[in-house]
Amino acid sequence: MLTRVILDDLNARYAYALDSGKLDLWPEFFTDDCVYKIISNENFGLGYPVAAIYCDGIGMVRDRVVAIMQTAVYEPRTYRHFVGTAHITGQEEGGVTSEANFALYESIAEREPRILFVGRYVDRVVMADGAPRLRQRLVVYDNYRVFNSLIFPI
Amino acid sequence: MLTRVILDDLNARYAYALDSGKLDLWPEFFTDDCVYKIISNENFGLGYPVAAIYCDGIGMVRDRVVAIMQTAVYEPRTYRHFVGTAHITGQEEGGVTSEANFALYESIAEREPRILFVGRYVDRVVMADGAPRLRQRLVVYDNYRVFNSLIFPI
Amino acid sequence: MLTRVILDDLNARYAYALDSGKLDLWPEFFTDDCVYKIISNENFGLGYPVAAIYCDGIGMVRDRVVAIMQTAVYEPRTYRHFVGTAHITGQEEGGVTSEANFALYESIAEREPRILFVGRYVDRVVMADGAPRLRQRLVVYDNYRVFNSLIFPI
Amino acid sequence: MSEQPLEVPESRAWPQEGSTTRVPYWIYSDPEIYKREMERIFRGPVWCYVGLDAEIPKPGDYKTTWIGDRPVIVVRDEDSSINVVENRCAHRGARLCWAPRGNSSEFKCPYHHWSYTLKGELSGMPFRRGVGGKGGMPKDFDLAANGLRRLRVHNEGGLLFASFSADVEPFDRYCGSEVLSYVQREFSGRPLQVLGYNRQIITANWKLYFENLKDPYHATLLHAFFVTFGLWRADAESACVSSEDGKHGVMISRNRDRAGVDETSTLSSFHSELVLEDKDTVTPRREFADGKVVGITLFPCVVLQQQANTLATRHLIPISPSQVELTWTFFGYADDDEAMTRLRLRHANLMGPAGYVSMDDSEVLNQTQIGATACPDDRAVLEMGGKTADNCDHMVSETLIRAFYNYYRTVMGL
Amino acid sequence: MSEQPLEVPESRAWPQEGSTTRVPYWIYSDPEIYKREMERIFRGPVWCYVGLDAEIPKPGDYKTTWIGDRPVIVVRDEDSSINVVENRCAHRGARLCWAPRGNSSEFKCPYHHWSYTLKGELSGMPFRRGVGGKGGMPKDFDLAANGLRRLRVHNEGGLLFASFSADVEPFDRYCGSEVLSYVQREFSGRPLQVLGYNRQIITANWKLYFENLKDPYHATLLHAFFVTFGLWRADAESACVSSEDGKHGVMISRNRDRAGVDETSTLSSFHSELVLEDKDTVTPRREFADGKVVGITLFPCVVLQQQANTLATRHLIPISPSQVELTWTFFGYADDDEAMTRLRLRHANLMGPAGYVSMDDSEVLNQTQIGATACPDDRAVLEMGGKTADNCDHMVSETLIRAFYNYYRTVMGL
Amino acid sequence: MSEQPLEVPESRAWPQEGSTTRVPYWIYSDPEIYKREMERIFRGPVWCYVGLDAEIPKPGDYKTTWIGDRPVIVVRDEDSSINVVENRCAHRGARLCWAPRGNSSEFKCPYHHWSYTLKGELSGMPFRRGVGGKGGMPKDFDLAANGLRRLRVHNEGGLLFASFSADVEPFDRYCGSEVLSYVQREFSGRPLQVLGYNRQIITANWKLYFENLKDPYHATLLHAFFVTFGLWRADAESACVSSEDGKHGVMISRNRDRAGVDETSTLSSFHSELVLEDKDTVTPRREFADGKVVGITLFPCVVLQQQANTLATRHLIPISPSQVELTWTFFGYADDDEAMTRLRLRHANLMGPAGYVSMDDSEVLNQTQIGATACPDDRAVLEMGGKTADNCDHMVSETLIRAFYNYYRTVMGL
Ligand code: FES
Ligand code: FES
Ligand code: FES
Ligand SMILES: [Fe+3]
Ligand SMILES: [Fe+3]
Ligand SMILES: [Fe+3]
């Protein structure tokens with residue numbers, strides 16, 4: 001039921017929501033008991049839990065949105081996501097596990113566009129409230145370090 | 001009828017035509033009353049009409065091809081398009097509105113490959129003469145400025 | 001039977017195998033009589049046969065894996081593949097010919113992520129042993145030159 | 001706090017042989033020359049273009065830009081006058097405004113919230129008197145002595161200029177009467193409306209771009225599109241006019257018909273078989289009484305373009321010896337009819353990074369930068385139209401470039 | 001083989017006017033200053049942080065890192081002691097270890113297989129005696145004279161430091177007793193466990209980052225998140241403490257409740273309406289008896305952070321005058337309970353490249369670098385909290401920065 | 001118009017201690033050294049490789065390339081002779097040819113259409129006599145004095161060389177008779193056919209690459225693939241031969257069987273269990289009567305490679321002190337049979353950016369550049385095979401590198 005084509009649809013909507021600045025739509029992609037992390041491949045591979053962004057439950061996902069919109073100080077910029085074709089890696093209770101490559105570009109005034117992050121999504125996707133949702137999205141990035149700041153989710 | 005998968009097919013053929021240098025095939029993707037623009041997100045966001053390439057009607061699309069092939073002076077180069085999964089944003093008379101992210105790489109002799117443009121297509125797609133065609137393609141680019149020249153369409 | 005969606009699936013699995021370091025799975029994507037080459041657009045366009053990697057038959061594909069794993073000396077790195085939507089360019093005995101754009105990013109410790117290769121796959125795909133397999137994959141890269149080394153297949 | 005003295009090696013001597021007609025290539029790549037240009041030219045007694053009055057129509061509207069390598073804010077004050085201040089907090093140096101444009105009643109630095117008026121005066125900061133009786137600024141701290149650096153400003157018919165120098169001449173004297181008359185022909189005070197931007201990096205030294213617009217003769221050869229459609233032809237009634245000191249230049253010509261039987265038709269750039277489906281793209285509507293096409297290079301950093309019905313300022317912002325940002329601001333007059341705006345947008349296809357004509361320039365200038373950088377000790381030969389820098393009544397000449405470098409050498413001490 | 005003498009132009013003179021309260025911007029971009037910093041500071045008589053003891057727990061465990069612009073290997077020897085050697089083969093200069101970490105019983109260079117012990121002693125190479133009686137190394141070749149450069153090492157409660165200098169003071173004297181006591185408060189010898197890294201490029205000079213952590217006052221203004229949730233407030237009981245020479249600094253404060261009716265609530269950075277769904281993110285559990293929040297800048301390259309329940313070292317690795325790599329190593333104590341680890345991870349959301357608080361810093365520091373680079377001959381004004389560099393019992397002060405530059409000028413001869 | 005004098009600081013003194021066996025690391029990163037190399041070596045009295053005769057078989061065929069930092073065009077003239085001219089218009093410096101190759105009967109600059117013959121003579125330009133009696137070039141303008149710079153050319157059995165110097169020795173004297181005989185062994189005049197290119201950036205100084213091919217001993221250690229399959233072994237019958245002055249070098253060896261019981265089998269790089277499915281990849285067919293494998297470094301910018309059945313020139317084009325472009329041109333003889341071509345292509349898998357063997361080199365050279373750049377004031381130790389620069393009859397030696405630097409120091413005045 002959760003086919004590869006459906007996962008691609010989900011990822012396209014996800015990218016569209018973030019890239020068009022509709023940050024308030026972002027929590028909609030997650031289940032209430034979700035885990036969302038942006039974590040380096042280094043930490044992931046070594047089993048270290050620390051992440052650049054660490055959300056354990058939908059509340060922390062929503063808090064991230066609120067904090068970015070209300071307290072963060074940053075130079076205006078545009079993010080642009082590219083998500084590769086999803087690959088279903090397994091079936092589990094109520095859904096599937098899957099991975100998809102991603103690349104994120106950053107554009108800022110007076111600068112050249114820059115590849116900011118490159119890596120893979122490690123997902124657990126389930127049907128919830130009539131739509132496919134992310135029970136887990138680990139954003140595992142390959143790049144060794146972050147170029148200055150990471151403002152928005154990936 | 002114009003499903004996301006069909007739009008992806010269209011975008012794949014479009015990228016193939018441009019990237020393999022078949023510039024003369026490019027007008028085939030448009031309707032006669034098409035609008036095609038390559039416009040910065042800055043102008044687009046501010047409501048300014050000026051575009052790097054501005055075609056209002058199929059004639060101007062064809063003129064662009066002729067002028068590039070016959071009058072333009074430029075260093076040889078290869079463009080390579082990446083188009084993300086399309087996202088249908090609405091239905092309208094005879095077709096759909098949709099968006100898709102794109103990235104364009106440029107390769108030139110003696111230089112490293114370069115990300116030249118990154119942004120989104122803002123499309124209106126209809127069925128015409130038995131095939132899905134672009135009534136509108138706005139190439140809205142995120143990057144603040146163009147690195148030297150933009151030779152071919154995006 | 002070999003539809004565009006099936007080719008995209010194949011490419012997604014292919015990218016997943018390479019990007020997750022499962023190099024031993026890579027030969028599985030090829031037929032026994034396969035041709036695999038990583039060749040510059042320059043050589044390809046001029047009709048020169050020399051390639052950065054040249055495999056004529058599954059044996060040479062397997063040899064490449066063995067040599068990388070056992071004799072090559074290189075700084076650790078991660079590759080990340082992006083493959084565009086496939087485009088079927090023709091039908092032939094037992095399968096199809098097709099093309100797809102690709103981009104390859106390299107991430108190394110202490111360095112920024114880098115776009116290493118950009119180009120297109122020129123493929124011949126057939127059904128063999130119950131799965132779609134590559135009878136030919138020409139990795140035709142646009143970039144003029146290779147930045148330092150190419151360690152893994154593309 | 002004087003500038004670090006710039007040391008340009010003695011070997012950087014201008015070629016003796018026909019010095020007016022020779023330009024050494026090291027001026028396009030030497031970092032010490034570049035530093036000296038920033039100091040003596042861009043921060044010197046010049047009027048630098050900073051934008052159009054129409055970009056910031058309302059009080060509090062601001063835009064950020066650069067004068068050479070210095071970031072500035074151009075802002076409309078409460079009383080509608082224009083202020084230009086350095087975009088750098090007087091406390092510890094953070095850029096004040098981070099966005100390309102906005103509207104604000106004051107400038108507040110994000111780092112420690114020092115606040116400035118739209119004139120750049122420091123109006124205050126939090127905790128100036130401390131917290132709970134502890135800390136705070138010294139009693140003798142003088143707000144008035146710690147404001148932003150404010151520049152001199154001139155508004156010429158909607159064109160905004162600023163200067164770091166207190167000694168810069170008044171704008172009319174700076175232009176000279178003849179060049180000024182060409183500026184005022186396009187910028188008469190008739191209200192402008194912005195139509196949009198094109199921003200590009202030109203991968204060449206800023207002077208190579210400036211030269212390109214002082215070289216009417218290249219346009220008849222390089223630009224096949226121009227020649228083919230008669231928009232710029234060597235046999236058109238033309239002129240080259242410099243300011244007396246040579247720093248500004250004006251190229252004047254006329255749009256003509258498609259080439260007939262003359263020199264042009266024998267050129268390889270003329271394509272007699274070429275036909276456009278959209279004729280309007282190459283058919284200007286007459287809008288200036290004199291029927292002229294005029295391009296002005298206003299030293300040091302702006303080109304005023306009027307070609308067919310496309311009007312634009314082209315702002316040069318040097319980034320390094322080998323790169324310059326070029327910001328095209330397209331505009332029309334506020335009272336343009338719809339048909340005219342339609343033409344302005346169509347004709348804008350000739351300009352910018354993908355312009356039918358301008359694309360050739362960014363390509364060829366990059367190639368010139370490559371050649372000039374590789375051979376710094378060789379030099380250009382500028383003898384088309386003679387060896388002097390006089391004005392002329394045709395376009396088959398490099399006289400405006402010769403005039404420019406005569407001036408440049410004086411300012412730069414070369 | 002002495003270093004190439006560094007020539008810093010005489011015009012690089014420190015501003016005379018109130019020299020303790022003025023910092024010239026050229027120190028953030030001048031390449032000669034940067035080279036001198038590498039020589040006199042990073043390769044000088046200092047203790048440079050190189051990692052945590054807990055990163056390399058087993059014999060043979062190593063990590064690679066940098067001291068300024070020099071690559072080094074930090075390795076645990078067979079006897080569990082720590083060695084630090086240059087990561088560069090003594091033969092022809094190849095880096096020895098190419099991976100960020102590993103475990104090995106020796107270091108073997110990939111190029112010609114010269115082998116070194118974990119102490120950096122050259123133990124041998126293939127073909128030393130030739131092949132078939134031909135070739136090989138000269139008889140007088142001295143293995144002992146061709147080892148790796150070995151550095152002095154200090155382990156302070158799990159924090160590892162190294163020094164290129166034979167003359168560096170013992171670590172306790174280097175810190176001074178007061179600063180040392182704050183270091184030992186967090187690093188008492190209680191075993192640590194690594195929780196993970198965050199690595200980022202800060203697009204600013206390394207000293208701007210160091211200053212940021214010597215500036216408690218910015219945190220109450222720039223960081224709306226801090227202020228809103230009471231994690232750092234100007235009215236909290238606070239102090240600023242320097243080592244006697246000024247090179248190290250300690251900022252001390254307390255986490256408080258949400259702001260009430262005081263200075264803070266009138267600040268634009270205070271958002272009284274803001275509520276988080278996950279309260280734990282902003283609710284520290286008390287873990288240090290003194291209830292303090294402490295941030296230490298230990299010259300020249302580490303910040304020791306304790307904020308809420310997140311503990312981390314922040315290692316500064318200069319890359320160029322305008323970039324510094326910042327490696328955050330998050331850790332806890334080996335005997336933390338699960339609930340504490342859960343809080344440490346939650347509170348890590350405040351830190352790093354996407355930190356609710358730290359994100360503001362990387363953004364504002366980049367803007368400061370842009371401003372300072374554009375105007376090297378201007379200078380910062382550091383008068384908050386007075387004009388001296390004394391310790392104080394509040395946070396409304398830039399005293400730690402003033403103290404730092406007093407020291408810096410001495411070392412750098414400026 | 002003389003070059004700007006190059007100032008290399010006095011501290012750049014070659015190490016006194018055993019000067020033949022020590023190479024200071026600053027030669028790999030110092031920009032002044034690099035500039036001096038461009039002037040004294042690449043534009044000095046040397047023969048620089050520019051391509052193969054077989055790349056431009058027909059009259060009008062041209063290719064563009066670089067000699068050090070200067071762009072040149074290599075073109076076959078109407079009479080089939082080869083010309084090499086600078087790729088830079090004599091007018092205002094634009095590169096003339098923008099594509100890597102082509103065919104043309106003349107060179108016409110895109111900017112103002114100055115035209116040159118295939119010998120580089122200026123043949124004319126549009127509007128030379130003006131338009132309608134106005135403008136044009138001065139009467140005394142001398143076409144003959146404004147052509148392209150033309151270089152001296154030598155064709156050695158299909159290998160093309162050029163020189164900026166009028167004083168360069170004849171090619172045979174430049175090589176010396178012994179090196180020349182090795183060159184002629186492979187390039188006897190037997191017609192060549194190009195099989196294709198591999199282009200890569202080596203992220204290391206150009207001399208490090210050159211050294212690598214003067215270092216037969218590394219190949220027996222670093223290259224596990226070589227050792228395992230017997231293609232290069234320390235115990236093979238071998239020799240190292242330099243030209244008398246030391247600038248050129250020849251490494252001679254033989255392909256052998258898989259290693260048996262000898263020094264090689266005890267090396268960690270020998271993998272006795274490794275078996276390839278495609279045996280042909282590691283099974284050369286004998287093609288040279290002497291059974292030798294020969295690698296020649298021809299100063300300053302080409303390596304002539306013969307290994308198994310893969311033949312290639314490797315052209316070094318320095319880009320900066322820390323990068324060099326390496327262009328591999330693979331070729332065979334025009335009369336090769338199909339089976340031989342099949343082997344040449346298979347064996348090309350050993351070479352290039354992904355070569356089973358060459359991949360190791362690009363990796364290790366990058367690591368060497370990192371190490372050498374970090375520690376410019378340290379130096380390499382070159383004592384393998386003794387302390388002199390004599391030829392030897394084995395490969396366990398760094399003698400060719402020592403010979404090279406003896407020569408280099410003379411040319412560079414170091
Ligand atoms: S830097 Fe602007 S207020 Fe401190
Ligand atoms: S460089 Fe390390 S062994 Fe030769
Ligand atoms: S630069 Fe070549 S003709 Fe003018
Ligand atoms: Fe032009
Ligand atoms: Fe902060
Ligand atoms: Fe090698």
Side-chain angles (χ1 to χ4, degrees), chain C residues 27 32 35-77 79 104 106 108-111 114 116-117 139 141-154, chain F residues 100-101 194-204 222-229 269 271 273-282 310 312 323 325-331 341-342 344-367 370:
Chain C
D32 285 357
V35 171
Y36 175 81
K37 285 198 207 185
I38 300 182
I39 187 169
S40 67
N41 197 31
E42 183 184 22
N43 282 347
F44 187 76
L46 293 168
Y48 287 144
V50 159
I53 293 185
Y54 178 97
C55 299
D56 173 9
I58 191 74
M60 292 183 78
V61 170
R62 294 202 195 102
D63 289 347
R64 178 59 65 165
V65 173
V66 168
I68 294 169
M69 300 202 304
Q70 298 202 30
T71 74
V73 174
Y74 55 89
E75 192 174 357
R77 69 199 61 198
Y79 280 3
L104 177 71
E106 179 182 76
I108 309 190
E110 301 183 358
R111 291 157 175 90
R114 169 180 281 275
L116 198 66
F117 280 85
V139 182
Y141 61 89
D142 300 338
N143 39 299
Y144 180 70
R145 51 196 177 196
V146 177
F147 193 81
N148 217 39
S149 314
L150 166 63
I151 309 295
F152 305 112
I154 300 176
Chain F
R101 66 183 59 75
V194 176
L195 296 177
Y197 304 98
N198 263 323
R199 299 183 193 271
Q200 71 187 118
I201 297 271
I202 301 287
T203 49
L222 172 64
H223 300 312
F225 192 93
F226 257 165
V227 182
T228 301
F229 297 107
S269 12
H271 299 266
E273 78 294 350
L274 192 60
V275 181
L276 291 194
E277 297 196 22
D278 187 84
K279 304 279 180 289
D280 293 346
T281 300
V282 287
T310 172
Q323 293 194 340
E325 181 183 314
L326 185 66
T327 303
W328 308 65
T329 306
F330 292 86
F331 62 90
T341 300
R342 183 174 166 278
R344 296 209 194 285
L345 295 177
R346 270 178 155 61
H347 298 172
N349 272 310
L350 276 70
M351 303 297 164
Y356 285 137
V357 164
S358 302
M359 178 201 294
D360 305 335
D361 287 321
S362 44
E363 287 298 293
V364 89
L365 292 178
N366 178 234
Q367 297 295 336
I370 293 172

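Protein chains get the first letters and strands the later ones, always in sequence-line order, with residue 1 at the start of each. Owing to the predicted nature of the structure, the values given are computational and were not obtained by experimental measurement.
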Visitor: Could you give me the CA-CA distance, side-chain angles and deciding distance for C:Arg145 and F:Asn198, then say whether side chain to side chain donor-acceptor pair (under 3.5 Å) is met?
Guide: CA-CA 7 Å; C:Arg145 51 196 177 196; F:Asn198 263 323; over 6 Å; no
Visitor: Are any of the side-chain heavy atoms of F:Gln200 and F:Glu325 separated by less than 4.5 Å?
Guide: no
Visitor: F:Thr281 versus chain C, heavy atoms under 4.5 Å apart: side chain, backbone, both or neither?
Guide: side chain
Visitor: With rounding to the nearest 0.5 Å, note down the distance linking OG in C:Ser149 to CD1 in F:Ile201.
Guide: 12.0 Å
Visitor: Check each atom of F:Leu222 against the heavy atoms of chain C and say whether the ones under 4.5 Å are side chain, backbone, both or neither.
Guide: both
Visitor: Does a side-chain heavy-atom distance below 4.5 Å link F:Thr310 with F:Arg344?
Guide: no
Visitor: How are the rings of C:Phe152 and C:Tyr79 set to each other: parallel, tilted or perpendicular (split at 30° and 60°)?
Guide: perpendicular
Visitor: Quick check on F:Leu350 against chain C: is it the side chain, the backbone, both or neither that has a heavy atom closer than 4.5 Å?
Guide: neither
Visitor: What residue in C:Leu150, C:Ile68, C:Asp63, C:Ile58 has the most heavy-atom pairs under 4.5 Å with chain F?
Guide: C:Asp63
Visitor: When you measure from the centre of the six-membered ring of C:Tyr54, is the NZ or CZ of F:Arg346 closer than 6.0 Å and no more than 45° off the axis?
Guide: no
Visitor: If you count heavy-atom pairs under 4.5 Å with chain C, which of F:Ser362, F:Ala224, F:Gly355 comes out on top?
Guide: F:Ser362
Visitor: What part of F:Val357 gets within 4.5 angstrom of chain C, counting heavy atoms only: side chain, backbone, both, or neither?
Guide: neither
Visitor: Enumerate by number any residue of residues 39-46 of chain C whose heavy atoms lie under 4.5 Å from heavy atoms of chain F; in the absence of such residues, state 'none'.
Guide: C:Glu42, C:Asn43, C:Leu46
Visitor: Can we say F:Glu363 and C:Arg77 salt-bridge, meaning some charged N sits less than 4.0 Å from an Asp/Glu carboxylate O?
Guide: yes
Visitor: Taking the side chain as every heavy atom from C-beta outward, state whether C:Val146 and C:Tyr141 have any pair of such atoms under 4.5 Å apart.
Guide: yes
Visitor: Name the option with the most non-hydrogen atom pairs under 4.5 Å to chain F; the candidates are C:Ile53, C:Ile38, C:Ile151, C:Asn148.
Guide: C:Asn148
Visitor: Can you say whether the rings of F:Trp328 and F:Phe330 are parallel (under 30°), tilted (30 to 60°) or perpendicular (over 60°)?
Guide: parallel
Visitor: Please state whether the side chain, the backbone, both or neither of C:Asn143 comes within less than 4.5 Å of a heavy atom of chain F.
Guide: neither
Visitor: Looking at F:Asp278 and C:Arg62, is there a salt bridge between them, counting it only when a charged N and a carboxylate O are closer than 4.0 Å?
Guide: no
